[in-house]
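Taking it in order: structure first as structure tokens, then the write-up.
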Amino acid sequence: MSIITADNLHKEFALKLKEPGLRGSIRALLRPRYRTVKAVRGVSFAVEEGESLAFIGPNGAGKSTTIKMLTGILHPSGGDARIMELVPWRQRRQLAMHIGTVFGQKSQLWFHLPPQDSFDLLARIYEVPYREYRSRLAKLVEIFELQELLKSPVRKLSLGQRMRCEIAACLLHNPRILFLDEPTIGLDVMARNKIRQLIARLNSLEGITVFLTSHDAGDIEKICKRVMVINFGEIILDTSVAELKRHYLKTKVISARLGQPIEEFQMPGVRFLKHREHGVKIQVDTALTPVEAVISRLMARASLPDINIADPPLEEIIQSIYQKPAQEVADHDQGS
Amino acid sequence: MIKAAKYLFVARTSLTGKLVYFWDLLGRSVFFLLVLLIFDQLWRASLPGSSIDFSRTQLIWYLVMTEIITLSTPGGYTLGVDEDIKSGNIAYLLNRTCNYPLFMLGRYWGVSLASMLINLGLGCCAALIMVGPPTLVPASLPLLVLTLILAVTLKFFLTLLISLTAFWVEESRPFHWIYSKLIFTVGGLFVPLEFFPDWLQDLARILPFNLTVYAPARLLVDWDPQFFGAVILRQILWLGAVALLAQYIFRQGVIKLNVHGG
Amino acid sequence: MSTAGKYLSLFFTNMRLNIASAMEYRFSFWSQVLFMILNDALLLFFWWVFFANFHAVRGWEFSHILLLYALSCGSYGLACTFAGNSLRLGEIIAKGELDFYLLLPVDPLFNLLTARMEVHALGDLVFALILAPLTLGWNPPGLAMFLVMLICGGLVLTGFWTMVGCLSFFWGHNQGFASVVQEAVVMFAMYPDHIFTGIVRSLLFTIIPAGFVTYLPVSLLRDFSWLKLAVLLAVALGFTLAARGLFALGARKYESGNLMVTRL
């Protein structure tokens, strides 16, 4: 039995149209005009217990609407969803006991107080027995390294420290699913890595199912095994992260330092990204030309004091998926 | 001339910015009408048979004038000086080739003017319906406008003086409250100073607060050239004194900011 | 734990955190409270001046005004201290902050209202509690009745403000409008009801329910009757239930609705 299932979920919004300016405001008040926006159109998927899933898509693709339906904040216009066999929008409070939710852009901690106080409050709200709460908190403090942070007001914490506390706050009631909406937004590299490690650890050691949205390809790569891409309200790709890389990583990028200057050469699927006297950067479509062929061609013309072969960043892959129309991606997915 | 134009431009930008807050403006206006409504009912219930020298017409028009001044001008904290200081934003504003107090005066007028015109229209309509026109001396109108301008400017500098305490204290809001209550009491917001017991009336006339609301309103409902002369003289003197003091305190504040950092 | 026990515990925890938050800025806390007491006392200035000129008007004297102030400031103080978010509800809905409360396994309205305390309102409350024995005399049954009146008034205000805030669910948020309506009740509650006649008076016992915050309680404290008390208790309960009902209706629309809440 899957822990999360969504079956043909739909959500439509009526968007009130308002022309700019005072006159527009008055007109909108007297004779409102609406435009229907289909935010989510027929989303179906299933998530197994213990999975770590990245739910990604450009802004306005329907990510947060879907998350809001799954957590019970919004009713769908059509379709069905089950989380641990509960219907989120009908059994919201029951469901709340089993899920944790972190919104990167919103805080659930009391800004002027130490996190400890917010934890105490949440423990009461989630009806965690006192003894269980103490031991659970002690464990979270250890995992998240909160010892130093517990007693200082949230406003004095750095963003990264605060996010660690936010996630810990969501775990006090021992949820089985963790929804994270852009948990690393605005964090610096160090803090981001730390948060990623922690979430990955929760997933692998504690078996918590992780459902994450992010704009950061690094989050997806470091935390998730599965990736689901939503665009224009539809799921256009649902595959494993490894698979995603394998299928979409048809290109490699060769960067080489040159002993002598060379002429640009032509080979199928080979493109010079950068060409200087002392170095080149070449993109190779490995389906058309193997990497070795390009390298031997280079070596035949110049000595190579340094050479590096790299995958294009995941970011670029995702970008290219966003740009494709839905059908093409689906075809590709089936074809391969 | 160029300098004056600069502050006028600040005023104009603030004015158009303010038009965006249509509902906020409307909200204040409704509040204004409520106050007039309540007082109309109060004077109807209490004036007949009393020994008060003012008529209901005079008291309502008095209130129209005092409320136009207080409701149309930004309340102490909303002007944003306190926040500029506390957030350290002021350091950025200082870099502009602007005298900050004058920059704020421009903004103050800009924010106030639109509200004033709207409240003036509303207040006049409401008062005309409730009590009819006041007995005006037509020739006094330009002079009334002059004391009104001085009154609002004086009110600004008094507000600024209080906002500048934010350089030294953590929370300046309480001082703004006190100030607004001084306007309310010894400023004569609801009733003319003549209602006060003698000792309090004497005290209130010494203080500058009555020059911001009582004086222009009193002149509107009961024009008296001699009183006008006294008012204008005291307004100018107080304005000069308070403006200079504000500039001085502002400099001290900036020095403190530079020494201790933002 | 029983449901009542759970909510009581939630209430006290929220209050403890509210106080602790406010105490992070000690000077601000005390100055806000003290200045609000002073502020309320100064508002009486007008009536002091007024009665120096008019003496009694239609049976009202300065002492009645004191009682009126004790009730209006007290009810306002009570509502804003213990349900500090009731004035901000519309904004909370419009800014999408409601999501956070919906995600917790407790009643969202109760948690939301009590999750904030207006510090200055404590000053109003203290002012009312000082004023009450001064005007009613040291009279324990009278003071007890006064407290009952405060609670009723506080419930009426909270309920009314909450309903105004709930309009955001249906029409989108409009802070200007909400503030005017919310403030108007308090304003009317601070003037003796005898000066209002006709339509204005009937409005004050219906859509701007200032009558139940001060007029009826003042008359009850001056001249007790079981009927008035019963009416007042029923009205307080009615406003509480109506607010809950409207919020539930709005929340359902918010959850199931297809109308996007205007984000300002």
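Chain A is the first sequence line, chain B the second, and so forth, proteins listed ahead of strands; every chain is numbered from 1. As a basis for the values below, the full set of heavy atoms in this structure was taken, side chains included, without hydrogen atoms, waters or symmetry mates. Worth saying up front: this structure is predicted, and the values here are computed from it rather than measured.
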Could you state the interatomic distance from CG (C/L43) to CZ (B/F184), rounded to the nearest 0.5 Å? 5.0 Å

Between C/M187, C/H194, C/Q32, who has the most heavy-atom pairs with chain B when the cutoff is under 4.5 Å? C/M187

Once rounded to the nearest 0.5 Å, what's the spacing between atom CG of C/N53 and atom CD of B/E194? 10.5 Å

Quick one, C/F54 with B/I52, criterion side-chain contact (heavy atoms from CB on, under 4.5 Å). Give me CA distance, side-chain angles, the key distance, then yes/no. CA-CA 9 Å; C/F54 292 101; B/I52 297 294; 3.5 Å; yes

Working to the nearest 0.5 Å, report the span between CZ of C/F196 and CG of B/D40. 10.5 Å

CG on C/N39 to OG on B/S180, rounded to 0.5 Å: 6.5 Å

Would you say the rings of B/F196 and C/F45 are close, in the sense that their centroids are separated by under 6.0 Å? yes

B/Q41 side chain vs C/T197 backbone, donor-acceptor pair below 3.5 Å: yes

Would you mind checking which part of C/F50 comes under 4.5 Å of any heavy atom in chain B, side chain (CB onward), backbone (N, CA, C, O), both or neither? side chain

Please state whether the side chain, the backbone, both or neither of C/L34 comes within less than 4.5 Å of a heavy atom of chain B. neither

Other residues, nucleotides, ligands: >12 heavy atoms within 6.0 Å of C/W48 CH2: yes

Could you tell me which portion of C/W60 (side chain, backbone, both or neither) has an atom closer than 4.5 angstrom to a non-hydrogen atom of chain B? neither

Cut-off 4.5 Å, heavy atoms of chain B, and the answer for C/A52 is neither

How far apart are the C-alpha atoms of C/F46 and B/F195, what are their side-chain angles, what is the distance that settles it, and do they pass the ring-ring contact (aromatic ring centres under 6.0 Å, His included) test? CA-CA 10 Å; C/F46 168 74; B/F195 275 58; 8.4 Å; no

Ring geometry between C/F35 and B/F175 (parallel below 30°, tilted from 30 to 60°, perpendicular above 60°): perpendicular

Contacting region of B/I178 [heavy-atom separation from chain C under 4.5 Å]: side chain

Given the options B/L34, B/T185, B/L47, B/L182, which has more heavy-atom pairs under 4.5 Å with chain C than any of the others? B/T185

Tell me, side chain or backbone of C/V181 under 4.5 Å from chain B's heavy atoms, or both, or neither? neither

Contact origin within C/L38 toward chain B - heavy atom pairs under 4.5 Å: side chain

When rounded to the nearest 0.5 angstrom, what distance separates CE in C/M190 from CD1 in B/I38? 10.5 Å

Largest heavy-atom contact set with chain C, pairs under 4.5 Å, which of B/S50, B/S51, B/P197, B/S46: B/S46

